[in-house]
Student: 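I'd like to ask you about the structure that follows.
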Amino acid sequence: MRNVDILIIGGGPAGLAAAISAYEAGSRNILILEREENLGGILKQCIHNGFGLHTFKEELTGPEYAQRYIDKVLEYGIPAQCDTMVIDITPDKVVTAVSRGAGLEHFKAKSIILAMGCRERPRGSLGTPGWRCSGIFTAGTAQKFTNLKGMMPGKRVVILGSGDIGLIMARRMTFMGAKVLACVELMPFSAGLKRNIVQCLDDYDIPLLLSHTVVDIAGRERLEGVTVAEVDPKTLKPIEGTEQYYECDTLLLSVGLIPENELTTMAGVKISPATNGAEVNENLETSVEGIFSCGNVLHVHDLVDYVSEESAKAGVNAHKYVQGQLPKEENTLEVVSGFGVSGAVPQHISQELDEPITIMFRPRGVFKDAQVCIDVGDVQVAAKKSRILTPGEMVTLKFSPEYLRKNTNADKITVRVEAQQS
Amino acid sequence: MIDVIIIGGGVVGCGVARELSRYNLNIALLEKTDDISNGQSKANTAIIHGGYDAKPGTLKAKFNVLGNKMYDRICAELDVPHKRNTSLVVSFGSDGHEALEKLKQQGIENGVPGLSIIGQDELRRREPNIGSTAYEALLVETGGIVCPYEMTQAYAENAAMNGVNFYREAEVTAIEKTQDGWKVISKAGTFTAKAVVNCAGLYSDVINNMVSEDKISIVPRRGEYYIVDKKYANEFHASIFQLPTKMGKGILVSPTVDGTVLLGPTAEDIDDKMDTRTTTEGLAKVLKYASLTWEHIPMRSFITTYSGLRAHCNRDDFVLGEVPDAPMFFNAVGVESPGLTSAPAIAEYLAGMIADKLSAKKNENFDPIRKGIPKFREMNDEQRARAISINPDYAKIVCRCETVTEAEIREAIRRPVGARSVDGIKRRTRAGMGRCQAGFCTPRTVEILCEELHISPLEVTKFGGNSKYIESYLFEKGDNENA
Ligand SMILES: Cc1cc2nc3c(=O)[nH]c(=O)nc-3n(C[C@H](O)[C@H](O)[C@H](O)COP(=O)(O)OP(=O)(O)OC[C@H]3O[C@@H](n4cnc5c(N)ncnc54)[C@H](O)[C@@H]3O)c2cc1C
Ligand SMILES: Cc1cc2nc3c(=O)[nH]c(=O)nc-3n(C[C@H](O)[C@H](O)[C@H](O)COP(=O)(O)OP(=O)(O)OC[C@H]3O[C@@H](n4cnc5c(N)ncnc54)[C@H](O)[C@@H]3O)c2cc1C
């Protein structure tokens with residue numbers, strides 16, 4: 001059994017940033033385990049630009065952004081073992097991993113950082129009726145085929161769901177000579193970033209059909225076409241008579257991401273039903289002492305810059321924990337998602353903080369001229385105006401810890417939206 | 001000349017092949033599609049039925065009860081996952097007692113052991129999560145669950161080990177009587193044989209009608225399903241049927257041997273024997289009825305939906321045995337539910353009859369034992385370490401949802417009657433059957449298929465035919481390989 005101070009699972013942007021910050025805080029016995037052959041996580045296949053605007057004030061491609069972190073990891077000499085998959089974690093932090101080179105290994109960690117990223121929701125989870133033919137891919141799988149394998153999955157494409165990966169793939173498939181017929185979204189608003197809608201759909205005249213869905217899939221062997229219908233925005237049920245058939249050989253799904261938390265569950269960590277990620281406190285520590293979680297495995301982010309920022313915090317706190325400098329959380333308040341809010345992170349905040357606190361969440365719909373508010377107990381302590389809020393863009397809001405000390409008898413912190421829902 | 005040709009590679013055809021391989025016979029199995037277990041035997045409810053349901057005196061009743069009894073032995077010999085988890089037929093409401101009693105009597109008449117009616121308390125003790133209106137139930141102690149495609153594969157592999165030749169993409173298009181047997185014309189060539197066994201499932205009527213004046217007709221009867229994530233593996237223990245009422249036959253909720261939960265099936269007669277589509281109405285019906293048994297179905301935890309077609313015969317029973325006006329031509333026609341349960345008994349019965357007619361001798365080298373592909377997910381640490389030291393491909397996890405390694409995938413392709421497509425790998429290893437439904441592993445599975453079968457990615461299919469994944473290379477092939 002190898003002893004490690006900080007064991008990081010996943011070598012994507014989250015794991016890399018956590019490793020670097022832990023090193024910079026002073027830790028020297030760090031190990032990154034990554035199941036793929038190379039570091040970089042999902043960014044390896046994101047060859048479009050638009051990464052790093054916040055962090056580096058430059059527009060980088062995914063691989064370029066990842067490389068900056070990989071270079072730092074190499075410079076610091078932080079060991080990263082690739083081609084190694086973690087298959088088990090126990091609550092007392094014994095980690096089991098397998099690799100071709102080393103076989104089955106056990107590690108005893110003082111602290112663990114979970115940075116396993118997320119996976120895409122498949123067609124099966126939607127229950128879309130029709131044939132179960134080939135030609136239906138999640139957008140990320142198609143992205144892997146085109147960007148990493150140099151293979152084209154098809155030529156006439158419909159995209160179901162308007163998540164960012166779907167939008168990016170609409171443009172990629174167009175570049176590669178495919179005809180993208182439409183991007184179909186069930187909700188009356190897109191799940192993706194505004195800039196991706198403009199740059200990936202509008203610029204190529206690809207229609208975005210809001211309040212529409214795929215109601216039938218045709219093709220006994222390879223996909224031959226899909227039937228798209230309008231849905232009632234209230235009930236989300238298809239409206240009869242609005243069906244339209246699109247002849248296509250490829251259907252890409254961009255219908256949501258699910259944090260990859262099998263290992264988290266094995267470690268006995270409490271999972272939040274709202275985010276499908278671990279419940280954490282403001283230190284990004286989970287319900288199991290010394291186990292931290294960050295990046296897309298904690299909650300799905302839309303910008304990698306925020307992943308890096310959040311994960312750096314997890315790295316520093318893991319270092320502090322190993323040094324015995326992370327205060328034990330005793331008096332914590334629960335963070336409650338109020339009106340218009342879904343999946344606020346962190347879920348628990350200590351009353352004895354002395355740094356500003358950041359809360360992140362996704363709006364539960366589209367809100368115009370809205371205000372996001374935080375209440376400690378019944379007292380509003382922070383508010384931020386926003387011209388428009390959409391579920392596609394994560395909202396971050398900070399507040400000063402002094403309000404916690406002022407309201408010592410408060411029993412919870414509420415995040416909520418004040419607006420007319422449109 | 002071949003001794004016996006078996007038409008159809010479902011559980012019945014592969015079972016007959018295996019039982020016939022106990023004899024010194026030259027046997028060939030012809031399957032239409034690119035893989036065995038592609039018909040009813042892949043998409044069904046996977047229940048080992050007790051045998052209370054079929055009308056006394058029918059072949060269904062007889063072979064169901066016989067087959068049920070054989071399962072433990074066959075599954076032990078062939079290393080097939082199965083479990084006697086019991087079945088419950090639940091009455092929702094207090095007016096079902098008489099009907100339950102009737103079912104029980106029918107079962108007793110069919111020779112089913114271990115039947116009893118249990119009340120509220122016992123029912124809820126066994127199934128604490130059952131719906132609030134569940135009132136009482138028929139307990140079927142011999143009821144069980146099995147992995148139907150592994151059962152079929154196991155039969156096929158064992159048959160191949162014992163000398164049966166399998167031909168796939170070998171659809172039989174015509175059969176002619178010859179002086180001393182039959183000429184069978186297929187897409188894989190023309191064969192002559194002394195005896196032919198028709199195990200063609202939904203098309204067993206077509207095959208029968210090629211040789212007999214006694215015409216049969218099979219109507220495809222569709223059943224649709226949802227599969228729920230393994231998270232809910234312990235929600236229910238027994239396979240829970242609903243007592244049929246005026247409202248319908250009810251929908252079953254059952255655990256599977258893989259730990260997922262099945263909801264279904266519907267029953268709808270259709271025209272097209274290939275139409276395995278799922279439909280909005282069908283799926284809605286599944287949910288509506290299943291929610292009696294499972295009141296809070298976790299809608300966000302569905303991993304997939306599917307449908308299967310039952311080969312419903314207009315004679316309303318199995319048609320088994322030699323065709324009266326076609327000597328040495330044997331039928332296994334209309335083998336719909338409980339056909340999976342009955343398959344071991346049907347296979348033994350037909351094989352015995354055919355061997356007899358051919359005066360075949362025992363095959364002294366027959367080996368009844370087949371071992372499944374060692375599954376990494378079922379090993380303990382010590383076994384895992386050993387597996388990796390022998391074959392490092394065991395350290396490479398390709399399907400992360402179901403923890404399937406590259407070693408297992410390669411073996412699934414290399415085995416006798418091995419996988420040739422992505423779905424073939426999926427059924428043999430579970431790679432791609434988990435919650436991400438192959439999103440993550442498909443690109444790698446495609447590569448492994450190419451390496452093992454020496455084909456290009458452009459030729460890899462999901463399930464044969466034109467079910468391809470890749471339309472073209474983005475670069476010239478040479479560039480691609482350098483990249
Ligand atoms: C298609 C797409 C387009 C995007 N576009 C943009 C954009 O334009 N701009 C932007 O800012 N952001 C974008 N993002 C978001 C950004 O890529 C993600 O937020 C970021 O990659 C998440 O980082 P992560 O480290 O949490 O997860 P990942 O990048 O997924 O990394 C997780 C790593 O953990 C490894 N791992 C998982 N489980 C195990 C295990 N058991 N053992 C060992 N290793 C394991 C995985 O192999 C992976 O390398 C995009 C994302 C996608 C998918
Ligand atoms: C929805 C549903 C639910 C069921 N549930 C249960 C259950 O819970 N328990 C139970 O015991 N039974 C159940 N059954 C029944 C059981 O699945 C079948 O009885 C059994 O699988 C039949 O096997 P088979 O080999 O006869 O047919 P199949 O598995 O259909 O095999 C027939 C094969 O013949 C091939 N073929 C067809 N035409 C030709 C040709 N011209 N040339 C060559 N090959 C050809 C086909 O491609 C196919 O592979 C269910 C069936 C269905 C459809």
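Residue numbering restarts at 1 for every chain, and letters A, B, ... go by the order of the sequence lines.
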Student: Can you tell me which portion of A:L253 sits under 4.5 Å from chain B's heavy atoms? Options are side chain, backbone, both or neither.
Tutor: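 A:L253 has no heavy atom closer than 4.5 Å to chain B.
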Student: Checking B:S41 against B:S37: is there a side-chain donor and acceptor pair closer than 3.5 Å?
Tutor: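 Distance-only check fails for B:S37 and B:S41.
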Student: Quick check for you: among B:D393, B:D423, B:L458, which has the greatest number of heavy-atom pairs under 4.5 Å with chain A?
Tutor: B:D393
Student: Can you tell me how far CZ of B:R428 sits from CD1 of B:I409, rounded to the nearest 0.5 angstrom?
Tutor: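 The distance works out to 12.5 Å.
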Student: In terms of heavy-atom pairs under 4.5 Å with chain A, which of B:P443, B:C401, B:S389, B:A438 leads?
Tutor: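 The option with the most such pairs is B:P443.
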Student: Could you look at B:T276 and say if it's the side chain, the backbone, both or neither that has a heavy atom under 4.5 Å from chain A?
Tutor: both
Student: Taking only residues two or more places apart in sequence, or in another chain, which ones meet A:T61 in a side chain to side chain donor-acceptor pair (under 3.5 Å)?
Tutor: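 Here the qualifying residues are A:E64.
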Student: Would you call B:R222 and B:D272 a salt bridge, taking side-chain N to carboxylate O under 4.0 Å as the test?
Tutor: no
Student: For A:E260, is it the side chain, the backbone, both, or neither that has a heavy atom closer than 4.5 Å to a heavy atom of chain B?
Tutor: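 Contact with chain B is through the side chain of A:E260 alone.
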Student: If the threshold is 4.0 Å, N to carboxylate O, is there a salt bridge linking B:R221 and B:D269?
Tutor: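 Between B:D269 and B:R221 there is a salt bridge, with a charged N closer than 4.0 Å to a carboxylate O.
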Student: Heavy-atom pairs under 4.5 Å with chain A are the metric here; pick the option from B:T305, B:I388, B:N466 that has the most.
Tutor: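 Heavy-atom pairs under 4.5 Å are most numerous for B:N466.
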Student: Tell me, out of B:Q437, B:K231, B:M274, who's got the most heavy-atom pairs with chain A below 4.5 Å.
Tutor: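 Ranked by heavy-atom pairs under 4.5 Å with chain A, first place is B:M274.
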Student: Does a salt bridge link B:K285 with B:E281, judged by any charged N lying under 4.0 Å from a carboxylate O?
Tutor: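 Answer for the salt bridge query: no.
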Student: Which atoms form the tightest heavy-atom contact between A:A229 and A:V215, and what is the distance?
Tutor: CB-CG1, 3.9 Å
Student: Drop me the distance from A:L104's CG to B:F376's CZ, to the nearest 0.5 angstrom.
Tutor: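 Interatomic distance, A:L104 CG to B:F376 CZ, rounded to 0.5 Å: 6.5 Å.
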Student: At a heavy-atom separation under 4.5 Å, does A:S99 approach chain B through its side chain, its backbone, both, or neither?
Tutor: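 For A:S99, the backbone is the part near chain B, not the side chain.
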Student: Counting only heavy atoms closer than 4.5 Å, note whether B:S307 contacts chain A via side chain, backbone, both or neither.
Tutor: both
Student: Chain A heavy atoms under 4.5 Å from B:D381: which part of the residue, side chain, backbone, both or neither?
Tutor: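 Both the backbone and the side chain of B:D381 come within 4.5 Å of chain A.
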Student: Looking at B:E406 and A:R100, is any side-chain nitrogen of the basic one under 4.0 Å from a carboxylate oxygen of the acidic one?
Tutor: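 So A:R100 pairs with B:E406 through a salt bridge.
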Student: Report which part of B:D275 has an atom under 4.5 Å of a heavy atom belonging to chain A: side chain, backbone, both, or neither.
Tutor: both
Student: Which bit of A:D216 is near chain B, if near means a heavy-atom gap under 4.5 Å: side chain, backbone, both or neither?
Tutor: side chain
Student: Between A:R119 and B:R400, is there a side-chain heavy-atom distance shorter than 4.5 Å?
Tutor: yes
Student: With a 4.5 angstrom heavy-atom cut-off, which part of B:V446 approaches chain A: side chain, backbone, both or neither?
Tutor: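 Answer is side chain: those atoms of B:V446 sit under 4.5 Å from chain A.
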Student: What part of B:I303 gets within 4.5 angstrom of chain A, counting heavy atoms only: side chain, backbone, both, or neither?
Tutor: backbone
Student: Contact part of A:T265 toward chain B, heavy-atom cut-off under 4.5 Å: side chain, backbone, both or neither?
Tutor: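 Looking at A:T265, nothing touches chain B.
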Student: Could you look at B:F440 and say if it's the side chain, the backbone, both or neither that has a heavy atom under 4.5 Å from chain A?
Tutor: both
Student: Find the one option among B:T278, B:I227, B:T304 whose heavy-atom pairs under 4.5 Å with chain A are most numerous.
Tutor: B:T278
